[in-house]
Trainee: 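Before I ask anything, let me first share the structure, which is written out below as structure tokens.
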Amino acid sequence: MLRFCKNCGLLVPHDAHSCPQCGAPVPPAACTAPQQGPAQPLYDTPDRDEDAAVTAMSQSATTAALILFAIPLVGLVLSVVWSFGGTRNPARQRLARAYLIRTVVVAVAFAVFLLVGALVLGAVLHAGLTYYYANPYFW
């Protein structure tokens, strides 16, 4: 490791005890740990233990849960209960949350479709009745 003389600023070799130019004593080199490269940034740090790796459910347990979810009212109740802590299996809890989110998305899409359909039907019926009642030559 190269050092600099504090008196004149000359670069002093590592094995010299004094500066070759001015003769000033050079302090011994401090032992330092080897420099490592910069630490890699952590892009995805889990905030909770729940985000840690979860062991997957077996194929039969997943199939049984999906069959239970297929029963209309039972599936909705089980998905709500399992989503909010009714099970100790984190894989089952995640499956229930995914099913619950899917159910909400499908229900909202169905409600929008039903509303648009009702508005279109109402507009068609209103236009048809207005035409027939307003046209004196129709009768």
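All values derive from a computational prediction rather than experimental measurement. Sequential numbering from 1 along the given sequence is applied to the chain's residues.
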Trainee: I want to check something: taking the side chain as every heavy atom from C-beta on, are His17 and Val26 in contact at a cut-off of under 4.5 Å?
Mentor: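 His17 vs Val26: side chains apart.
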Trainee: Under the ring pair (Phe, Tyr, Trp, His ring centres under 6.0 Å) test, which residues partner Tyr99, sequence neighbours left out?
Mentor: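 Ring pair (Phe, Tyr, Trp, His ring centres under 6.0 Å) list for Tyr99, sorted by chain: Phe69.
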Trainee: Check the hydrophobic clustering (I, L, V, M, F, W, Y; side-chain heavy atoms under 4.5 Å; chains of links allowed) and say if Val104 and Val74 are grouped together.
Mentor: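 Val104 does not cluster with Val74.
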Trainee: In Å and rounded to the nearest 0.5 Å, what is the CG to CG distance from Leu119 to Leu115?
Mentor: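 It comes to 4.5 Å.
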Trainee: For Ser18 versus Val12, what's the shortest heavy-atom pair and its separation?
Mentor: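 Closest approach of Ser18 to Val12, heavy atoms only: O-CG1, 4.2 Å.
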Trainee: Please round to the nearest 0.5 Å and tell me the distance separating atom CG of Leu78 and atom CZ of Arg92.
Mentor: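 Between atom CG of Leu78 and atom CZ of Arg92 there are 9.5 Å.
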Trainee: I want to check something: taking the side chain as every heavy atom from C-beta on, are Cys22 and Leu10 in contact at a cut-off of under 4.5 Å?
Mentor: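 Not in contact.
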Trainee: Check side chain to side chain contact (heavy atoms under 4.5 Å, CB included) between Val81 and all other residues, then give those that pass, not counting sequence neighbours.
Mentor: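 Checked Val81 against side chain to side chain contact (heavy atoms under 4.5 Å, CB included); matches are Val77.
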Trainee: From Arg97 CZ over to Ser83 OG, what is the distance, rounded to the nearest 0.5 angstrom?
Mentor: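 So the CZ of Arg97 and the OG of Ser83 are separated by 6.5 Å.
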Trainee: Answer yes or no: are there more than 12 heavy-atom neighbours, outside Leu121 itself, under 6.0 Å from its atom CG?
Mentor: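 Enclosed: over 12 neighbouring heavy atoms sit under 6.0 Å from CG of Leu121.
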Trainee: Counting C-beta onward and ignoring hydrogens, is there a side-chain heavy-atom pair between Leu76 and Leu100 closer than 4.5 Å?
Mentor: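 A side-chain contact exists here, since the closest heavy-atom pair is under 4.5 Å.
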Trainee: Find out whether Gln93 and Trp82 are in side-chain contact, i.e. whether some heavy atom of one side chain is under 4.5 Å from a heavy atom of the other.
Mentor: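 The answer is no, as the side chains (C-beta and beyond) never meet within the 4.5 Å cut-off.
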Trainee: Would you name the heavy atoms of Ala91 and Met57 that are closest together and state the gap between them?
Mentor: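 Heavy-atom minimum between the residues: CB-CG, 3.5 Å.
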Trainee: About how many Å separate CG of Asn89 and CG of Leu95, when rounded to the nearest 0.5 Å?
Mentor: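 CG of Asn89 is found 9.5 Å from CG of Leu95.
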Trainee: Check side chain to side chain contact (heavy atoms under 4.5 Å, CB included) between Val120 and all other residues, then give those that pass, not counting sequence neighbours.
Mentor: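 Testing Val120 for side chain to side chain contact (heavy atoms under 4.5 Å, CB included), a comparison that skips the adjacent residues, returns Val116, Val124.
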